[in-house]
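Encoded as structure tokens, the structure appears first; notes follow it.
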Amino acid sequence: MRIHRKRGWEIPESQVTPEPLVLSRRALIAAAGAGAMLLPAAKAKAQWFFRREQTPTDPWMRNPAETPDLPPAMRNPRYQPGRAISPEREPVTYNNFYEFGSSKDVWSTALRMPMRPWTIQVDGMVEEPATFDLDDLIRRIGLEERVYRLRCVEAWAMTVPWTGFPLARLMDIVRPLGSAKYLRFETAQKPEAMVALRQSWYPWPHIEGCTVEEAANELAFMPVGLFGKPLPPQNGGPFRVVFPWKYGFKSGKSIARITLTDQRPRSFWETLQGSEYGFWANVNPEVPHPRWSQATERLIGTNERVPTRLFNGYGEFVAGLYTNLQNERLWA
Ligand SMILES: Nc1nc2c(c(=O)[nH]1)N[C@H]1C(S)=C(S)[C@@H](COP(=O)(O)O)O[C@H]1N2
Ligand SMILES: [Mo]
């Protein structure tokens with residue numbers, strides 16, 4: 001199979017991110033020289049230091065008094081999205097989060113979910129099982145910002161700046177045993193706020209999964225923020241996972257527990273409709289969903305239709321994960 005080899009930054013000029021959202025050339029070079037990672041606090045005054053305060057006027061945000069501010073995070077220039085960031089209003093008001101209902105319009109319901117205190121239990125086949133307080137974990141690991149594309153299996157897509165840390169950093173802390181093969185992500189169940197948990201025909205809690213190799217990939221990311229602010233509940237706040245090369249349903253929201261296991265987790269969507277939503281679910285324009293084409297996608301905010309890209313454009317990072325898995329249903 002020929003894998004898409006074009007590098008992320010080889011993109012037509014017309015699709016480049018608008019001015020205030022791009023790093024200056026000098027900052028890019030400086031950042032690259034620093035290993036494109038977090039810098040010590042002293043350097044954080046540089047112009048490529050991003051941090052926006054929560055504005056109480058944004059109706060889609062919780063009252064800032066109820067959510068601690070995030071520590072500083074700098075944008076990592078290694079991940080160039082190749083297209084404009086979605087207008088903020090869209091990603092935070094157009095969501096899939098079935099615990100709050102099956103419409104796209106769940107944000108105001110989701111805002112009622114308490115986001116602190118928030119603990120994450122990591123257990124199963126690890127050397128150091130632990131329950132972490134989210135704010136302790138954030139302080140311990142540190143944060144960076146990454147602009148990723150997200151492609152929903154329903155053929156809409158967005159481009160957003162997540163603030164968070166690589167999933168691999170969390171794995172470094174708990175240290176998976178050699179026998180662990182999969183991670184199982186379990187979404188919190190907060191029945192007071194998650195009104196659709198009453199809909200007993202759904203297989204709650206929401207479960208998703210990945211392999212330990214996928215979890216170790218540098219792209220696997222754990223957002224706690226969006227647009228430089230704490231991650232709103234409708235987007236999976238206060239703590240979620242994103243696998244930008246897979247269809248969005250693989251990226252579980254509001255995660256309370258991560259279990260390392262040698263059994264492939266049976267996910268929420270797989271249980272509901274395994275023929276349409278499988279375990280791997282890597283983005284591929286040439287493999288249609290049983291009920292629609294995946295050749296193009298609609299960018300929320302502009303409604304522009306653009307071609308879908310193999311692995312959502314992240315093949316250079318992830319294609320190698322799948323070369324020995326040709327017998328698996330990698331694309332659905
Ligand atoms: N717990 C949970 N996680 C979930 C979902 C959900 O319904 N419940 N929807 C998924 C789907 S289908 C998509 S496309 C993304 C959407 O994330 P967004 O609302 O931040 O765009 O979240 C995924 N994670
Ligand atoms: Mo989705």
Side-chain angles (χ1 to χ4, degrees), residues 60-61 85-111 113 115 118 120 146-164 184-191 193-197 199 201-210 220-227 229-258 265 267-273 276-278 281-283 289 291-292 294 297-301 308 312 332:
W60 52 78
M61 295 299 298
I85 290 179
S86 307
E88 180 174 351
R89 179 179 298 270
E90 295 300 317
V92 296
T93 57
Y94 183 89
N95 302 98
N96 271 337
F97 204 162
Y98 275 63
E99 285 84 338
F100 295 100
S102 56
S103 84
K104 293 285 179 287
D105 199 18
V106 293
W107 64 270
S108 57
T109 309
L111 280 176
M113 184 174 73
M115 296 215 287
W118 194 273
I120 303 113
R146 294 186 180 188
V147 182
Y148 277 173
R149 298 181 289 274
L150 184 140
R151 171 60 154 80
C152 175
V153 71
E154 298 163 335
W156 56 268
M158 65 183 191
T159 315
V160 293
W162 303 108
T163 309
R184 176 184 181 276
F185 297 89
E186 183 174 324
T187 294
Q189 296 191 82
K190 308 266 182 194
M194 293 173 163
V195 291
L197 292 182
Q199 298 175 343
W201 55 92
Y202 286 115
W204 312 116
H206 182 284
I207 301 297
E208 260 306 337
C210 72
F221 200 58
M222 306 301 295
V224 297
L226 182 62
F227 290 97
K229 305 163 193 172
L231 186 60
Q234 61 269 35
N235 293 95
F239 183 61
R240 78 177 293 177
V241 63
V242 286
F243 299 103
W245 68 97
K246 292 175 176 285
Y247 290 115
F249 69 86
K250 294 296 299 179
S251 297
K253 290 177 160 180
S254 305
I255 286 166
R257 184 177 179 194
I258 303 173
S267 75
F268 180 81
W269 283 107
E270 214 179 344
T271 307
L272 280 172
Q273 191 67 276
E276 300 188 357
Y277 310 105
N282 296 305
V283 175
H289 185 276
R291 292 181 280 132
W292 57 83
Q294 296 290 25
E297 61 202 43
R298 177 179 65 88
L299 302 180
I300 62 170
T308 301
N312 200 24

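When a ligand or atom number is given, it counts from 1 through the structure's own listing order.
Among protein residues, Asn95, Asn96, Phe97, Tyr98, Glu99, Cys152, Trp156, Met158, Thr187, His206, Gln234, Asn235, Arg240, Gly248, Phe249, Ser251, Gly252, Lys253 come within 4.0 Å of ligand 1, judged on heavy atoms.
Legend: salt bridge (Lys or Arg N to Asp or Glu O under 4.0 Å) pairs involving residues 246-255, not counting sequence neighbours, sorted by first then second residue: Glu208-Lys250, Glu214-Lys246.
For Trp107 and Tyr94, the distance between ring centers is not under 6.0 angstrom.
Contact record, Ile120 with Ile255: CG1-O, 3.9 Å, taken as the closest heavy-atom pair.
The closest side-chain heavy-atom distance from Pro238 to Val224 is not below 4.5 Å.
Ring orientation note: the planes of Trp245 and Phe243 are nearly perpendicular, at an angle over 60° on the 30°/60° scale.
There is a side-chain donor-acceptor pair under 3.5 Å between Asn96 and Lys104.
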